[in-house]
Amino acid sequence: MTDKMSIVNAANDEPALAGRPLEAGRRLTPTWYGEYSMKLIESMNPRTGEPAGTGVSETPSGELTSALSLAKSAARRYASESLAERALLLRAMADKLDDRADELIPLAEAETGLGKPRLTTELARTTFQLRLFAQVIEEGSFLEATLDTPAPDATPVPRPDLRRQLEALGPVLVFAASNFPFAFSIAGGDTASALAAGCPVVVKAHEGHPELSRRTGEILSSVVADRNLPAGVFTVIFGQQAGRDALVDQRIKAAGFTGSTTGGRALFDLASGRVDPIPFYGELGSINPTVVTKAAVRSRGSEIASGFVNSFTLGTGQFCTKPGLLFLPIGHKLEAELSEAVSAVSATPMLNNRIAESYAKISAELSAHPSIRSMVTPRLHTEPGAWGVPCLFVTSAEQFTEAADTLGAECFGPSSLIVEYASKHELINALQSVEGSLTATIHGEQSDISSLAPVLDVLRPRAGRLIWNGWPTGVAVAWAMQHGGPWPSSTNALHTSVGATAVRRWMRPVTYQSFPHDLLPPALQDGNPLGIPRRVDGALRR
């Protein structure tokens, strides 16, 4: 039987959608079109267990084909838009989201249970990101414009006129995250950086907040239309199958992902196994080790205990930068303070039932492990909804080293593991068993500095961000931020998903050799018409 949703309109080589316009997540009941059943993605209020909306339909195969065709057809025009136009687009998106905060925040609260204060802050972070990338575009160094003038006398061979810049890869697929429904979702950092690079974006919405995703997608799409840009510059799709199908489609040239190690690895393998493999930038699991010295315990042990508990329980422990391992010297005498602080933290909603059930299972397994002692025992929460209750475990450095594959695995939720070490040798051995992480932290004193080099030497190759006397939760959106690390924290430790240089992921270098001036991109033309930083014959100039 012919699939009605995938009939191609011969006039424009795009799917004919039975006379219906392409929309982001239409509200539909399940409907049969030939052999294709459109299912509803329904969300739950984590605080009550009740439905959080009427549901959003999965994207049918025909609509996905149309969305990808539109993205492909928009790629050349959007990449050739002026830097000023791209910056205006991002600022207009930020303004429109800010204007709709009173509508979007209640939607997010109903679907995620994260609470109005947290969501208000997160939406502000999201619009700040969009405006930051507008500044990145206008500043211009992201293009890495580099000019080498002809040198006929160069050795060993004469050098021709060479001019190099970074150029947009083409349509980008972004997999939205569950734990940041604004900042790492539809309008999040991957979307902002890819649009800044000049790439059309197709966002695969997360199933945890479909109503918010649909509405956010509509808002951003309206901004694209208001700027008279092609519709394919920005599109939202729904459903896991649609995401997988888009990832292996040759019209997609790169992908970004934030989520679990298991899910991210499966998608990474799909992207790598294509006939034309593409870059897949996944932010996956991270344990974020924190080391505390004896001197730091003596000087400010209570402050460290309080900061640690606040950090690992923040957002119900659903931050990728949660400190999942705390290395304390034996004899720290902080157990009572730690136990009291953790026990005082109330149960709070987790993002959905699946995450809550996984957290309960993993924390119960840790509690039962022969090498672990429960400082604060996992407790069941029987109220309706998806709730997480904090717990805290203890082991020795020696036991951790012997069972690091199990004890050093990420537990997504409000739990952490204290590893007690008797010597620097034990500490270093245990740290060498820790997998790659987004962050690694040291709490120390001035008196420790001369002796910490061996510890830092172990941590440095295991993390993308090294922190001194702070906590890893809270990722500044800034030019110098690195949010990425060795496997399994990310699939590519060379890049960041937060900060100005995130734009680099969606671009590739192109060199123009001996080209006529009129055919050169503006960034490489004589006289620097864009007024951007450039490297000319090895020297930085403006």
Do [X] and [Y] sit within salt-bridge range, that is, some charged N less than 4.0 Å from a carboxylate O?
X: Glu211; Y: Arg215; value: no
X: Glu207; Y: Arg354; value: no
X: Glu357; Y: Lys361; value: no
X: Glu445; Y: Arg300; value: yes
X: Arg125; Y: Glu122; value: no
X: Arg131; Y: Asp98; value: yes
X: Glu435; Y: Arg462; value: no
X: Lys294; Y: Asp448; value: no

- Item | Steps toward side-chain hydrogen bond (donor to acceptor under 3.5 Å, both in side chains) verdict (Trp387, Thr348) | CA-CA 5 Å; Trp387 296 79; Thr348 46; over 6 Å; no

- Query: Should the ring pair His495 and Tyr281 be called parallel, tilted or perpendicular, given that the plane angle runs from 0 to 90° and is split at 30 and 60?
  - Reply: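 The rings of His495 and Tyr281 stand perpendicular, inter-plane angle above 60°.
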
- Relative to each other, are the rings of Phe400 and Phe327 parallel, tilted or perpendicular (30° and 60° limits)?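 Judged by the thresholds at 30° and 60°, the geometry between Phe400 and Phe327 is perpendicular.
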
Look only at the side chain of [X] and the backbone of [Y], and say whether a donor-acceptor pair between them is shorter than 3.5 Å.
X: Thr377; Y: Ser374; answer: no
X: Ser306; Y: Glu303; answer: no
X: Ser423; Y: Glu426; answer: yes
X: Ser286; Y: Leu438; answer: yes
X: Thr316; Y: Gln318; answer: no
X: Asn469; Y: Gly444; answer: yes
X: Ser367; Y: Ser363; answer: no
X: Ser299; Y: Ala296; answer: no
X: Thr406; Y: Ala403; answer: no
X: Ser416; Y: Gly324; answer: yes

Any heavy-atom pair between the side chains of [Y] and [X] that's under 4.5 Å?
X: Leu247; Y: Leu267; result: yes
X: Ser213; Y: Phe238; result: yes
X: Leu431; Y: Val455; result: yes
X: Leu325; Y: Thr290; result: no
X: Phe308; Y: Leu392; result: yes
X: Thr258; Y: Phe175; result: no
X: Ile219; Y: Leu97; result: yes
X: Leu417; Y: Leu326; result: no

Side chains of [X] and [Y]: is there a donor and an acceptor less than 3.5 Å apart?
X: Ser396; Y: Glu420; value: no
X: Ser490; Y: Asn492; value: no
X: Asn288; Y: Thr439; value: yes
X: Thr126; Y: Gln129; value: no
X: Thr395; Y: Arg373; value: no
X: Thr293; Y: His443; value: no

- Item | Test log, rule side-chain contact (heavy atoms from CB on, under 4.5 Å), inputs Lys204 and Val174 | CA-CA 6 Å; Lys204 185 268 175 188; Val174 171; over 6 Å; no

Kindly compute the distance separating [atom1] ([X]) from [atom2] ([Y]), expressed to the nearest 0.5 Å.
X: Ile186; Y: Glu218; atom1: CD1; atom2: CD; result: 11.0 Å
X: Cys320; Y: Ile287; atom1: SG; atom2: CD1; result: 12.5 Å
X: His209; Y: Arg214; atom1: NE2; atom2: CZ; result: 13.0 Å
X: Leu220; Y: Leu195; atom1: CG; atom2: CG; result: 8.5 Å
X: Trp468; Y: Leu456; atom1: CH2; atom2: CG; result: 9.5 Å
X: Phe184; Y: Ser178; atom1: CZ; atom2: OG; result: 11.5 Å

- Task: Go through the steps for Val202 and Ile237 under the test side-chain contact (heavy atoms from CB on, under 4.5 Å), then give the verdict.
- Result: CA-CA 7 Å; Val202 178; Ile237 61 174; 4.0 Å; yes

[X] and [Y]: which non-hydrogen atoms are nearest, and at how many Å?
X: Gly208; Y: Ser43; answer: O-CB, 3.7 Å
X: Met350; Y: Gly413; answer: CE-CA, 3.7 Å
X: Pro461; Y: Pro486; answer: O-CG, 3.2 Å

- Output, in order, the C-alpha distance, side-chain angles, deciding distance and verdict of salt bridge (Lys or Arg N to Asp or Glu O under 4.0 Å) for Asp190 and Arg505. CA-CA 9 Å; Asp190 283 351; Arg505 297 170 297 166; 2.9 Å; yes

- Query: Checking side-chain contact (heavy atoms from CB on, under 4.5 Å) for the pair Glu103/Arg100: CA distance, chi angles, key distance, verdict?
  - Reply: CA-CA 5 Å; Glu103 174 188 0; Arg100 301 298 173 85; 3.8 Å; yes

- Task: Report, as yes or no, whether the 6.0 Å neighbourhood of atom CG on Asp102 holds more than 12 heavy atoms from other residues, nucleotides or ligands.
- Result: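 Not buried by this count: 12 neighbours or fewer within 6.0 Å.
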
- Message: Can you tell me if Glu340 has over 12 outside heavy atoms packed within less than 6.0 Å of its CD?
- Response: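 Counting neighbours around CD of Glu340, 12 or fewer heavy atoms of other residues, nucleotides or ligands fall under 6.0 Å, so no.
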
- Query: side-chain contact (heavy atoms from CB on, under 4.5 Å) between Leu314 and Lys322: does it pass, once the steps are laid out?
  - Reply: CA-CA 8 Å; Leu314 184 66; Lys322 179 195 79 173; over 6 Å; no

- Does the gap between the ring centers of Trp471 and Phe312 come in under 6.0 Å?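 They do not qualify: ring centres at least 6.0 Å apart.
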
- Item | Ring centre gap for Phe268 and Phe257 strictly below 6.0 Å | no

- Test log, rule side-chain hydrogen bond (donor to acceptor under 3.5 Å, both in side chains), inputs Thr473 and Thr321: CA-CA 5 Å; Thr473 41; Thr321 50; 5.3 Å; no

